[in-house]
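One structure below.
Because only heavy atoms are used, hydrogens play no part in the values below, and waters and symmetry mates are left out as well, while side chains stay in.
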Amino acid sequence: MMASRSSSTSSNKRKCFSLELKAEIISEVDKKKKTKAQICRDYDISSGTLYTFLRDREAILSAVSKGQFKPDRKRLKTTEYENLDHCLLVWFNQARACNTPISGPVLFEKGAELAQELGLTDFKMDRGWIDRFKDRHGIGMKVISGEAASAPTETTVEWRGKELQDVLKEYNEKDIFNADETGLFYKCLPNKTLALKGDTCTGQKIPKERISILVAANMDGSEKLPLLIIGKFERPRCMKNIKTLPVTYKANKKAWMTGKIFEEWLRKLDRKFLLQGRSIALIVDNCSAHPRLDGLRAVRLIFLPPNTTSVLQPCDQGIIQNLKCLYRKRVLRRFIALFDDSGSDDAHYKLTVLDAINYAAASWEDVKQETIANCFRKAGFTKVNDGEVVTTTTTSSDGSSATAETSEDEEMEQLFRQATKACGATQTLVDYIDVDRNIPASEHLSLREIAAQSEKTPFELEEDEDEDIESGKEQEIVSNNEAESAISTLRLYLQQHESTSEDLTLLNNMERRLSKIMTTAKKQSSIKSFFKPIQKDSHQM
């Protein structure tokens with residue numbers, strides 16, 4: 001009897017599972033290849049324990065995907081001062097993304113300053129709290145001091161061999177996405193970029209004519225998400241009377257990605273995939289503008305290790321560069337047309353934010369599926385067999401990726417030669433395409449801003465409510481007659497030049513679509529005129 005009780009006590013001994021193992025068990029449930037009962041038997045857990053894991057699914061997967069804790073950590077509970085813990089980790093990741101060496105005393109000092117910003121008057125920073133913070137998040141002295149020169153390579157190999165392989169096993173290629181921001185000098189001509197060559201364009205050096213673009217596509221290149229474009233002005237004059245845009249447009253004073261904009265975009269994306277009945281993995285870099293989010297149901301957010309984006313980020317392997325090449329081809333084509341028609345120089349060349357939006361959207365459509373797939377492979381997004389060594393892919397010496405479209409596009413080279421001749425510039429084509437490669441596209445938060453975001457305050461980079469006086473004149477409403485005349489002009493242009501019957505067919509389809517829009521507009525106008533306000537007779541008052 002005693003032996004039986006002893007055996008029972010031993011079998012009922014409480015087990016502790018690491019967060020990594022909990023995430024693995026949750027993943028097995030999501031795959032739906034085994035019943036929950038089979039999974040319980042395989043991992044020797046009770047149905048109640050499995051229920052607890054599934055109940056805490058979001059918190060567990062978020063902690064593991066973000067590298068929030070060491071893999072062998074068993075508990076999600078962190079500290080009584082979770083807000084401070086989160087803010088200090090945001091600051092640490094932001095500093096490491098800039099490759100800034102961080103010593104123990106610096107971490108101690110920043111923690112104390114953040115506690116003051118958060119108004120934690122009852123908290124006193126000490127070495128023990130900092131040591132526990134480093135232990136919770138797997139921060140070693142080599143990482144803090146920056147002494148390990150080979151750390152990025154080791155981290156890259158480890159991430160590709162473990163975390164990436166888990167993602168590739170769990171999701172189909174069409175359901176693995178990468179998103180990244182880039183800055184764009186949207187008015188840029190060759191002669192405007194000579195003074196910017198090699199300039200990192202930080203702080204006040206950022207030119208006014210810039211926007212930021214969030215680019216996102218899936219691994220096999222079959223799905224490109226609509227661009228998110230961030231400008232400086234919420235209501236530029238050139239967009240007055242504009243009701244439809246081919247992109248999502250947001251604005252703040254510095255035309256940067258912020259945590260607030262990213263969260264709005266991601267939650268909208270989550271609802272979209274939820275309605276489609278899809279579950280996707282979205283891989284992004286670990287910058288301060290990409291906050292950790294709870295409540296995502298269809299999107300699993302996965303963060304790249306700090307300081308590895310130049311190697312692991314598919315968008316940085318040629319997708320963004322190809323987009324910019326196609327965009328600048330349109331810019332040069334417009335400039336050359338102006339120069340040929342009127343002989344005007346670049347001083348008369350005008351390009352509005354609306355033009356930039358339309359050009360960027362059209363250029364994104366032109367980025368080929370195979371280009372995107374190749375860039376994912378270049379970043380190491382390939383399945384490996386057990387025991388196979390994952391090696392890093394080297395980039396070219398100038399940090400750019402060699403896409404065939406960039407180096408071998410004859411039209412682009414011809415346009416560039418014509419533009420440089422007209423502008424008197426001596427710049428190379430690669431320098432022109434990559435002129436804005438190093439400009440920041442996301443916010444760099446101060447300690448006050450980190451604290452404000454953490455407390456869910458409506459903090460945002462200060463907005464400029466003034467309209468952009470340099471973004472062009474207001475767009476007048478185009479009449480039906482003007483639209484029909486434009487179609488006729490296009491048809492005549494195609495017939496006078498070497499075009500094909502397919503070109504005319506596309507224009508005819510556009511004309512039919514235009515006719516439907518005009519008919520709808522006329523119906524709406526007539527309905528509004530039918531319901532005119534009734535004028536009350538003064539004698540009935």
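The side-chain contact (heavy atoms from CB on, under 4.5 Å) test with I26 is passed by exactly one of L50, L21, L54: L54.
Classification of the H290-F262 ring pair by plane angle, with boundaries at 30° and 60°, yields tilted. Using cut-offs of 30° and 60° on the angle between ring planes, the pair F376 and F381 is perpendicular.
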Legend entry - Intermediate values then yes/no, side-chain contact (heavy atoms from CB on, under 4.5 Å), R437 and I320: CA-CA 9 Å; R437 180 181 181 85; I320 288 175; over 6 Å; no

Inset, instruction - Dump the intermediate steps for ring pair (Phe, Tyr, Trp, His ring centres under 6.0 Å) on Y171 and F177, then the final yes or no. - result: CA-CA 10 Å; Y171 295 90; F177 287 77; over 10 Å; no

Inset, instruction - May I have the step-by-step check of side-chain contact (heavy atoms from CB on, under 4.5 Å) for L118 and L84, ending in yes or no? - result: CA-CA 8 Å; L118 292 168; L84 175 60; 4.1 Å; yes

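Taking a 6.0 Å sphere around NZ of K272, one finds it holds more than 12 heavy atoms contributed by other residues, nucleotides or ligands. Within a 6.0 Å sphere centred on CD of E24, heavy atoms belonging to other residues, nucleotides or ligands number more than 12.
A heavy-atom distance below 4.5 Å is not found between the side chains of L228 and V247. Taking 4.5 Å as the limit, some side-chain heavy atom of M257 sits within range of a side-chain heavy atom of L214.
Centroid-to-centroid, the aromatic rings of W129 and F108 stay 6.0 Å apart or farther.
For R330 and D355, the salt-bridge test fails: no basic side-chain N is under 4.0 Å from an acidic carboxylate O. Using a 4.0 Å cut-off between charged side-chain N and carboxylate O, R267 and D270 make no salt bridge.
No side-chain N or O of N218 forms a donor-acceptor pair with one of E173 less than 3.5 Å apart. At a cut-off of 3.5 Å, with distance as the only test, no side-chain donor of D85 or N83 sits close to an acceptor on the other residue. Between K329 and S363, the side chains place no donor N or O within less than 3.5 Å of an acceptor N or O (distance only, hydrogens not considered). In summary, the side chains of Q313 and N178 do present a donor paired with an acceptor at a separation below 3.5 Å, with no hydrogens or angles considered. A donor and an acceptor atom, one from each side chain of T49 and S46, are located under 3.5 Å apart.
Legend: residues meeting salt bridge (charged side-chain N to carboxylate O under 4.0 Å, His left out) with D175, ordered by chain and number and at least two apart, are R278. Every residue two or more places apart in sequence or in another chain that forms a salt bridge (charged side-chain N to carboxylate O under 4.0 Å, His left out) with E264 is listed here: K250.
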